[in-house]
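Notes follow once the structure below has been shown.
We use all heavy atoms of the structure for the numbers below, so side chains are in, but hydrogens, waters and symmetry mates are not. Below, chain A is the first sequence line, B the second, and so on; all start at residue 1. Since we're looking at a predicted model, the values are computed, not measured.
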Protein chains: 2
Amino acid sequence: MSLAAADLPLSLARHIATQIGDEIEQGLWKPGERLSEEVIARRFGVSRGPVREALQILAREELAVIRPRLGASVIQLQPDEIIDMFEVRGSLYALAIRLFVRRATAAEMDGYIALGQEIRRIAAGEPDVDPREFARAIQAASAYALAHSGNARLKATMGRMNRQAYRYYAILMHSIPAHRRALLEMSARMNDAIHTRDAETASIEAWRIVELNQSVIRRILGIPGTQPEETPCSPAGPHLPD
Amino acid sequence: MSLAAADLPLSLARHIATQIGDEIEQGLWKPGERLSEEVIARRFGVSRGPVREALQILAREELAVIRPRLGASVIQLQPDEIIDMFEVRGSLYALAIRLFVRRATAAEMDGYIALGQEIRRIAAGEPDVDPREFARAIQAASAYALAHSGNARLKATMGRMNRQAYRYYAILMHSIPAHRRALLEMSARMNDAIHTRDAETASIEAWRIVELNQSVIRRILGIPGTQPEETPCSPAGPHLPD
DNA sequence: CGAATGTCTACTGTCAACAAATAAAGCAAT
DNA sequence: ATTGCTTTATTTGTTGACAGTAGACATTCG
């Protein structure tokens with residue numbers, strides 16, 4: 001049996017977990033805010049048992065942290081932890097692109113192309129682009145590639161991570177229009193490589209996008225990069241000339 | 001084995017989770033075996049509450065699967081799911097190597113070199129190499145690089161995955177001596193790159209090792225690979241640790 | 001006035017029991 | 001013997017209560 005939780009209904013615990021989880025994702029709970037068992041139990045009209053279980057589920061999805069005797073609280077990533085997360089996520093993203101290019105059927109490829117066009121359509125409204133809409137389009141495209149990467153484990157792992165990452169995605173989209181332009185260029189190059197089924201180049205470009213995003217986040221969070229003029233590279237790909 | 005009276009710094013749930021988790025990792029529980037709440041509760045002399053929580057923790061570590069109304073059972077990966085896991089893990093491994101090369105101090109580098117020598121020392125006994133010892137040495141080296149990659153999230157994510165992966169690692173080590181020799185060659189090349197702080201080459205070699213391992217596992221599990229040059233071998237069937 | 005200490009409150013950790021649902025056993029009919 | 005249904009039994013889901021701890025507050029002493 002797969003890791004994916006295909007079962008949605010029954011069980012109060014799962015219902016509460018998805019509800020609170022969505023709320024956390026949407027930012028209705030502040031990072032670090034305490035998730036009191038009793039308060040949540042009262043709110044849903046249940047006892048503390050299912051709530052306790054729901055909090056465990058949230059911890060499994062890394063949306064909450066549980067400290068013994070201190071209870072659960074909304075996950076609060078330190079700046080360096082955010083960087084770490086995007087680093088790991090970037091590696092998975094590059095893998096997803098690589099696998100998608102290798103395994104996608106023609107129809108799936110068409111679907112991806114359509115999503116790429118959607119991104120360009122939205123970006124065409126420069127300089128008046130809705131950051132949220134732009135972000136959503138990018139996320140949709142990456143989710144599509146992920147879903148058709150043919151690797152369920154990757155989908156689950158990265159999907160879980162995305163729930164966290166997207167809380168900070170707004171930072172990326174709102175910041176520096178120049179960044180958005182660079183992002184679009186890289187994205188175009190990556191999509192070209194994807195269309196021509198050049199898994200290697202696509203993976204490299206994916207990794208570049210990730211590193212660009214990372215540098216932007218670093219700047220915003222005020223964390224100095226390890227190597228300012230780092231050359232972007234793929235998880236396994238060769239160097240490319242700038 | 002009643003420990004309810006013992007004053008533990010950790011909660012009962014966490015204690016039970018680590019205990020059962022270790023047992024699963026060691027193969028004392030068969031894949032797919034049911035983890036009955038009541039049986040475990042009786043065994044540890046506690047009520048079902050903490051046990052339930054422990055099972056949630058095990059699910060978080062992906063050592064167990066919880067299906068609503070059907071209870072928890074030891075995770076049972078299908079052959080293709082094993083491939084998927086090693087694929088994801090490989091990507092993380094390459095990242096770990098890359099980061100380690102970039103960020104390791106001189107002392108940490110020395111430590112890694114020592115572990116590499118240990119691997120070669122064990123492998124020198126060819127063709128009479130203890131697979132378990134060999135596996136342990138390789139795992140120690142990769143764990144060292146991971147621990148000093150400077151990315152806590154990567155360490156946690158991959159560490160969790162390793163607990164699963166190492167159940168199937170024996171397959172790799174026991175199989176085909178030729179594979180071990182190729183593995184050693186690649187490993188040597190990677191270590192050279194690591195020593196000279198060539199993150200790019202090191203990462204590439206890491207990825208190659210991963211892909212080699214993957215092809216071996218594919219052969220053993222009888223799953224056709226995406227690469228054409230792979231020779232279909234006699235499907236000896238999934239000979240997994242019980 | 002500040003620091004250390006004692007008390008209080010709120011919360012978590014744990015338990016035992018009840019309710020609901022699934023899996024297993026038993027039995028009848030073909 | 002096999003199939004289908006009914007009944008029983010075991011297991012999970014949930015509850016409310018009790019016990020112990022962490023943190024806040026007030027108190028006392030240097």
Handout entry: Check: B:Tyr144 side chain, B:Glu108 main-chain N or O, donor-acceptor pair, under 3.5 Å
Key = yes
Problem - Value in whole Å for how far the P atom of D:dG13 lies from CZ of A:Arg14 - result: 8 Å
Problem - Rounded distance (Å) that lies between atom P of D:dT12 and atom CZ of B:Arg67 - result: 12 Å
Practice task
Give me the ring orientation class for A:Tyr112 and A:Phe100: parallel if the planes are under 30° apart, tilted from 30 to 60°, perpendicular past 60°.
Solution key: tilted
Handout entry: Euclidean distance, atom CD of residue B:Gln56 to atom C1' of D:dT14 [Å, nearest integer]
Key = 14 Å
Between the protein and nucleotides 15-25 of chain D, list every N/O to N/O distance that falls short of 3.5 Å.
residue	atom	partner	partner atom	Å
D:dT15	OP2	A:Ser47	N	2.9
D:dT15	OP2	A:Ser47	OG	3.1

Handout entry: Distance, rounded to the nearest Å, where B:Glu37 contributes CD and C:dC15 contributes C1'
Key = 14 Å
Problem - Between P of C:dC15 and CD of B:Glu38, the distance in whole Å - result: 14 Å
Handout entry: Donor-acceptor under 3.5 Å (A:Thr157 side chain, A:Leu154 main chain)
Key = no
Practice task
Look at the side-chain N and O atoms of B:Arg34 and state whether any lies under 4.0 Å from the OP1 or OP2 oxygen of D:dT12.
Solution key: yes
Practice task
Would you confirm whether A:Gln164, through its side chain, and A:Glu62, through its main-chain N or O, come within 3.5 Å as a donor-acceptor pair?
Solution key: yes
Handout entry: Donor-acceptor contact below 3.5 Å, side chain A:Arg103 vs main chain A:Ser149
Key = yes
Practice task
To the nearest Å, give me how far apart CZ (A:Arg52) and P (D:dG13) are.
Solution key: 16 Å
Donor-acceptor contacts under 3.5 Å from residues 75-84 of chain A side chains, at least two apart:
residue	atom	partner	partner atom	Å
A:Glu81	OE1	A:Gln78	N	2.7
A:Asp84	OD2	B:Ala152	N	3.2

Practice task
Write down the distance between CZ (A:Phe44) and P (D:dG13), rounded to a whole number of angstrom.
Solution key: 18 Å
Practice task
For B:Glu53 and D:dT12, give me the distance from atom CD to atom C1', rounded to whole Å.
Solution key: 16 Å
